[in-house]
Novice: 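Below you'll find the structure I mean.
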There are 2 protein chains.
Amino acid sequence: MRSIEPSDDRTTSARIRDAAIRCFATDGVAATSVRAIAAEADVSAGLVIHHFGSKDQLRVACDEHVAALIREVKGSAMAAGAGLDPLASMRSFSGGPPLARYLAKTLVDGSPHVAELVDEMVNDAVGYIATGVEAGLLTPSDHPRERAAILTLWMLGPLVLHEHLERLIGFDITGDLAGDPEGAGSAYFGPVTEILGGFFTDTTKELIHEAFPDAPKQTTADKEELA
Amino acid sequence: MRSIEPSDDRTTSARIRDAAIRCFATDGVAATSVRAIAAEADVSAGLVIHHFGSKDQLRVACDEHVAALIREVKGSAMAAGAGLDPLASMRSFSGGPPLARYLAKTLVDGSPHVAELVDEMVNDAVGYIATGVEAGLLTPSDHPRERAAILTLWMLGPLVLHEHLERLIGFDITGDLAGDPEGAGSAYFGPVTEILGGFFTDTTKELIHEAFPDAPKQTTADKEELA
DNA sequence: GGCTCTATTGAACGCATGTTCAATATACTA
DNA sequence: TAGTATATTGAACATGCGTTCAATAGAGCC
């Protein structure tokens with residue numbers, strides 16, 4: 001069950017934890033048995049419990065480890081100016097743990113560690129977007145936090161729904177971008193960029209403004225004085 | 001376990017199916033036991049199997065019923081011109097089955113019926129958006145199908161991640177909009193509208209166009225001649 | 001009333017699960 | 001080298017699961 005491992009210098013509990021992360025990322029937490037994790041790590045089921053106490057505690061350890069890894073890659077990605085795609089840095093790179101797939105499976109079953117991670121992503125997005133607005137690259141908003149939250153969920157949603165995304169436009173958002181067939185990635189990022197450039201026309205925005213006069217008007221004509 | 005039911009004229013298998021839909025919508029399919037469904041329907045576990053053969057077949061029956069209901073409400077919503085928010089018509093209305101929550105739980109576990117439903121939503125979106133583009137309300141696109149797919153997933157993503165959405169901006173996207181506390185709904189729909197109005201400024205779009213010269217330019221200045 | 005078919009129950013079965021535990025091997029310590 | 005602590009195993013346990021099945025109740029038909 002294990003992949004080839006020439007001179008694995010990880011400690012046994014680290015190997016078990018990594019095996020669990022792989023299993024959870026593939027099948028989900030609930031559908032993964034302790035015995036399956038044990039088999040993936042080439043140990044007995046009892047040893048898994050011996051090291052982590054229970055499946056629940058092992059899951060917590062996995063959550064924390066994945067969160068730590070993501071914070072790590074996020075740090076270097078921010079330094080490199082990755083910015084608006086929080087997934088960019090955590091896509092499966094060969095050899096490393098499948099961070100994106102793990103997130104895809106665990107975003108929906110209410111782990112507090114994952115929730116914390118999402119909150120951090122939103123905070124990061126708020127900062128990034130504020131910078132972009134000041135630089136005149138992004139439109140300003142009256143509800144920056146809410147807008148950042150929605151944009152973050154719009155990046156995470158297709159990750160959770162990656163099966164549908166792949167069926168619909170043939171792009172595997174969880175995978176390595178290097179191994180991406182020609183054009184599949186741009187079939188996703190292209191339209192995303194297009195939509196973020198503007199989906200409603202000014203006509204529509206005028207109509208919306210008339211329908212909801214309390215909301216501040218924001219057509220392209222107003223952008224400069226608003227910014 | 002059952003809610004009050006003055007003169008329930010549904011057939012027994014319909015009651016079981018509705019109970020199952022409620023359980024699946026609340027706890028997810030895997031975490032719901034046949035015995036729990038039986039208790040919710042006030043029957044024995046054996047009877048559930050007697051009527052549906054197996055839990056799997058019951059799940060299929062639920063998928064099909066929910067899909068049929070959604071197609072039904074979608075039809076009337078389209079007549080009323082609901083348009084771009086495919087969730088609008090399927091939010092929990094008091095008494096009816098929790099369609100939105102059911103979808104939220106089942107969108108992630110690969111049911112072919114749900115996949116079919118998503119495909120239909122994308123098709124509907126393609127049509128709607130094309131109409132909007134012709135009317136000058138929406139910007140044109142070189143990849144209308146992909147754009148429609150992404151927009152659909154952007155509407156469904158927050159549904160699947162409704163727990164995070166609620167924690168982040170205090171809006172329950174699965175619930176009845178009538179019972180919505182003041183402003184929570186607009187904390188979601190407001191920024192969504194804002195983003196769809198345009199997140200990148202023209203400066204950014206110019207920069208993107210310079211970076212990817214093969215992609216057609218599309219700033220506000222070009223909209224009219226493009227349309 | 002008797003007959004037949006369906007509806008319904010509750011107990012039982014087999015199985016997979018998470019966990020426990022005694023037994024054994026291994027590694028460190030003095 | 002003896003002793004202790006840790007690592008590891010495999011069998012066992014209790015529980016909950018989906019499902020089966022014989023038994024009973026009830027409804028419709030002749």
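The figures here come from the full heavy-atom set of this structure, side chains too, leaving out hydrogens, waters and symmetry mates.
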Novice: Output the rounded distance in Å from CG (B:Asp56) to P (D:dG18).
Specialist: 10 Å
Novice: The side chain of B:Ile49 lies closest to which of these nucleotides: C:dG18, D:dT9, D:dT20?
Specialist: D:dT20
Novice: Is the shortest side-chain N/O distance from A:Thr12 to OP1 or OP2 of D:dA7 below 4.0 Å?
Specialist: no
Novice: May I ask you to verify if any side-chain N or O of A:His50 is less than 4.0 angstrom from the OP1 or OP2 atom of C:dT20?
Specialist: no
Novice: Between B:Asp109 and B:Arg59, is there a salt bridge with N-O shorter than 4.0 Å?
Specialist: yes
Novice: Can you check the A:Ile16 CD1 to C:dG18 C1' distance for me, whole Å?
Specialist: 15 Å
Novice: Among the candidates C:dG18, D:dT9, D:dG18, find the nucleotide nearest to the side-chain atoms of A:Lys55.
Specialist: C:dG18
Novice: Please pick, from D:dG18, C:dT8, C:dG18, the nucleotide with the shortest atom-to-atom distance to any side-chain atom of B:Leu47.
Specialist: C:dT8
Novice: One thing to verify: whether A:Arg22 and A:Asp18 come together as a salt bridge, which I'm taking to mean a side-chain N less than 4.0 angstrom from a carboxylate O.
Specialist: no
Novice: Grab the NE2-P distance between A:His51 and C:dT20 for me, whole Å please.
Specialist: 16 Å
Novice: Between A:Arg71 and A:Asp124, is the closest basic N to carboxylate O distance under 4.0 Å?
Specialist: no
Novice: For the pair made of CG in A:Asp42 and P in D:dA7, what is the distance, rounded to whole Å?
Specialist: 19 Å
Novice: With nearest nucleotides of DNA chain D determined for A:Arg35 and A:Val43 from heavy-atom distances, which residue corresponds to the more 5′ nucleotide?
Specialist: A:Val43
Novice: Could you give the CD-to-C1' distance, from A:Gln57 to C:dG18, as a whole number of Å?
Specialist: 13 Å
Novice: Give one of base, sugar-phosphate or nothing for B:Ser33, where a contact means two heavy atoms less than 4.0 Å apart.
Specialist: sugar-phosphate
Novice: For B:Arg147 and B:Thr139, which I'm curious about, is there any donor-acceptor pair between the side chains at under 3.5 Å?
Specialist: yes
Novice: Heavy atoms only, 4.0 Å cut-off, all strands: where does B:Ser13 land among base, sugar-phosphate and nothing?
Specialist: nothing
